[in-house]
*Asks:* 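Sharing a structure, written as structure tokens. Questions coming.
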There are 2 protein chains.
Amino acid sequence: MDAKTHAKLETRARIMRALAHPSRLFMIEQLAGGERCVCELTEMVGSDISTVSKHLSILKSEGIVRDEKRGAQVFYSITDFRVLRFVRQIELLLAHMLENQMKAADVPQSRVGFAQFLRRTP
Amino acid sequence: MDAKTHAKLETRARIMRALAHPSRLFMIEQLAGGERCVCELTEMVGSDISTVSKHLSILKSEGIVRDEKRGAQVFYSITDFRVLRFVRQIELLLAHMLENQMKAADVPQSRVGFAQFLRRTP
DNA sequence: TGGCCTCTTGGCCAATCGACCAAGAACTGG
DNA sequence: CCAGTTCTTGGTCGATTGGCCAAGAGGCCA
């Protein structure tokens, strides 16, 4: 693995890591509906405000969100809504992977459809 | 944040976390070219074989790769190639976010194009 | 069988993460 | 100016991560 390749993968990994936390994903979903100040997000997430602030700074450091100070409040918003499409794709990915697992399981007579499987595992 | 929402986000986050490591992303890229046994991947990554094995088990536990034992070797392969498209999308995302940052920077006379910017920061 | 190869697992350790609290910076309104 | 609100930052602490080594399971072949 040469240095250039490693640098590129390191960058990819940093983005992934920034998105790899439920609270951060939650805030991104909330910001999909428009900008929010830190105290609003704190209320929604339910953690300490300092925790939320740090989560936001992680997202900001990766360029995923942008902040704008207005008075005493700081409003955060999504810089590129494509990131939203990106994180939501995981749902599709999961569905496909589940489907593959079903196939691999080699269910006799294929009596268990994917839809039924999904229904049974909420 | 209700329990159902949290569970869904937790799942998304787990996938992200599994992908949030340079070596794991590297192995996924390598597996794009077809199945590989652990020792081949170890050779490519350059870490200890036990480290590589653990990385693979993380990817496997999230259903991203599949393993098949043949003799003394264990061959890993990608379960759904959509995951490849997914991780590669980060490049596009990054490009768009950089572009946004350029706009936000409010460069006078817009003399610095995005392409030039990219060239200057390898 | 015995030695070799391949891989996984457990143990250990340093580094990082994520939570909260406390302190303080910055703005607002009385 | 002072009190109150909003937010960030530093500190601390337990949990998790990621690396290597050592041990052992399991397959292959002389």
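In the text below, chain A, chain B and the rest are named by the order of the sequence lines, each starting its count at 1.
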*Asks:* Please determine whether a side-chain nitrogen or oxygen atom of A:His21 lies at a distance below 4.0 Å from atom OP1 or OP2 of D:dT16.
*Replies:*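 The answer is no; no side-chain N or O of A:His21 sits under 4.0 Å from OP1 or OP2.
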*Asks:* Please round to the nearest 0.5 Å and tell me the distance separating atom CZ of B:Arg82 and atom CG of A:Leu92.
*Replies:*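 It comes to 8.5 Å.
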*Asks:* Among B:Glu91, B:Gln89, B:His21, which residue satisfies the side chain to side chain donor-acceptor pair (under 3.5 Å) criterion with A:Arg12?
*Replies:*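 With A:Arg12 as partner, B:Glu91, B:Gln89, B:His21 yield a single side chain to side chain donor-acceptor pair (under 3.5 Å), made by B:Glu91.
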*Asks:* Which of the following nucleotides, C:dC21, C:dC27, C:dT9, is nearest to the side chain of A:Lys69?
*Replies:*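 From the listed options, C:dC27 comes nearest.
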*Asks:* Would you mind telling me which residue lines up with the more 5' stretch of DNA chain C, A:Ser23 or A:Gly71, judged by nearest nucleotide?
*Replies:*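 Checking each residue's closest nucleotide, the 5'-ward one belongs to A:Ser23.
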*Asks:* Considering every strand and a 4.0 Å limit on heavy-atom distances, what is the contact class for A:Tyr76: base, sugar-phosphate, or nothing?
*Replies:*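 Sugar-phosphate, backbone atoms only, no base.
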*Asks:* For residues B:Met27 and B:Val65, determine if any side-chain heavy atom of one lies less than 4.5 Å from a side-chain heavy atom of the other.
*Replies:*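 No; the side chains remain at least 4.5 Å from each other.
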*Asks:* At less than 3.5 Å, do the side-chain atoms of B:Ser50 and the base atoms of C:dC7 form a donor-acceptor pair?
*Replies:*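 Result: no qualifying N/O pair found.
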*Asks:* Both A:Ala72 and A:Lys54 contact DNA chain D. Taking the nearest nucleotide for each, which residue is further toward the 5' end?
*Replies:*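 This one resolves to A:Ala72.
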*Asks:* Over how many whole Å does the gap from A:Glu43 atom CD to D:dT5 atom P extend?
*Replies:*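 Whole-Å distance recorded here is 15 Å.
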*Asks:* Which one, C:dA19, C:dT6, D:dC7, comes nearest to the side chain of B:Gln73?
*Replies:*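 Nearest nucleotide to the side chain: C:dT6.
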*Asks:* For the pair made of CZ in A:Arg17 and C1' in C:dA15, what is the distance, rounded to whole Å?
*Replies:*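 Value for this atom pair: 12 Å.
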*Asks:* Tell me, with the steps shown, if B:Gln30 and B:Ile78 meet side chain to side chain contact (heavy atoms under 4.5 Å, CB included).
*Replies:* CA-CA 10 Å; B:Gln30 296 312 305; B:Ile78 293 184; over 6 Å; no
*Asks:* Expressed in angstrom and rounded to an integer, what is the separation of A:Leu56 atom CG from C:dC17 atom C1'?
*Replies:*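 Those two atoms, CG and C1', are 16 Å apart.
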*Asks:* What is the distance, rounded to the nearest whole Å, between atom CG of A:Leu59 and atom P of C:dC17?
*Replies:*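 In whole Å, C:dC17 P and A:Leu59 CG are 14 Å from each other.
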*Asks:* Once you round it to whole Å, what is the distance between P of C:dG18 and CD of B:Glu10?
*Replies:*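 Interatomic distance, CD of B:Glu10 to P of C:dG18: 11 Å.
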*Asks:* Might you point out which heavy atoms bring A:Ser57 and A:Lys54 nearest each other, and give the distance in Å?
*Replies:*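 Of all heavy-atom pairs spanning A:Ser57 and A:Lys54, the closest is OG-O, 2.9 Å.
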*Asks:* Within the structure shown, what part of the strands sits under 4.0 Å from B:Arg70 by heavy-atom distance: base, sugar-phosphate, or nothing?
*Replies:*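 Nothing: the residue B:Arg70, judged by heavy atoms under 4.0 Å, touches no strand.
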*Asks:* Taking the side chain of B:Arg24 as its heavy atoms from C-beta onward, which of C:dC21, C:dT8, D:dG18 lies nearest to it?
*Replies:*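 Minimum distance to the B:Arg24 side chain belongs to D:dG18.
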*Asks:* Expressed in angstrom and rounded to an integer, what is the separation of B:His55 atom NE2 from D:dT16 atom P?
*Replies:*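 Result: 18 Å.
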*Asks:* Taking atom C1' of C:dA19 as reference, at what distance in whole Å does atom CD1 of A:Ile49 sit?
*Replies:*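 Atom-to-atom, A:Ile49 to C:dA19, this comes out as 15 Å.
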*Asks:* Within the 4.0 Å heavy-atom criterion, would you say B:Ser47 contacts the bases, only the backbone, or no part of the nucleic acid?
*Replies:*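 B:Ser47: backbone/sugar contact only, no base atoms under 4.0 Å.
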*Asks:* Round to a whole Å and report the spacing from CG of B:Leu19 to C1' of D:dT17.
*Replies:*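 In whole Å, D:dT17 C1' and B:Leu19 CG are 16 Å from each other.
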*Asks:* Of the options C:dC7, C:dC20, D:dC21, whose atoms approach the side-chain atoms of B:Asp48 most closely?
*Replies:*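 The nucleotide sitting nearest to the side chain is D:dC21.
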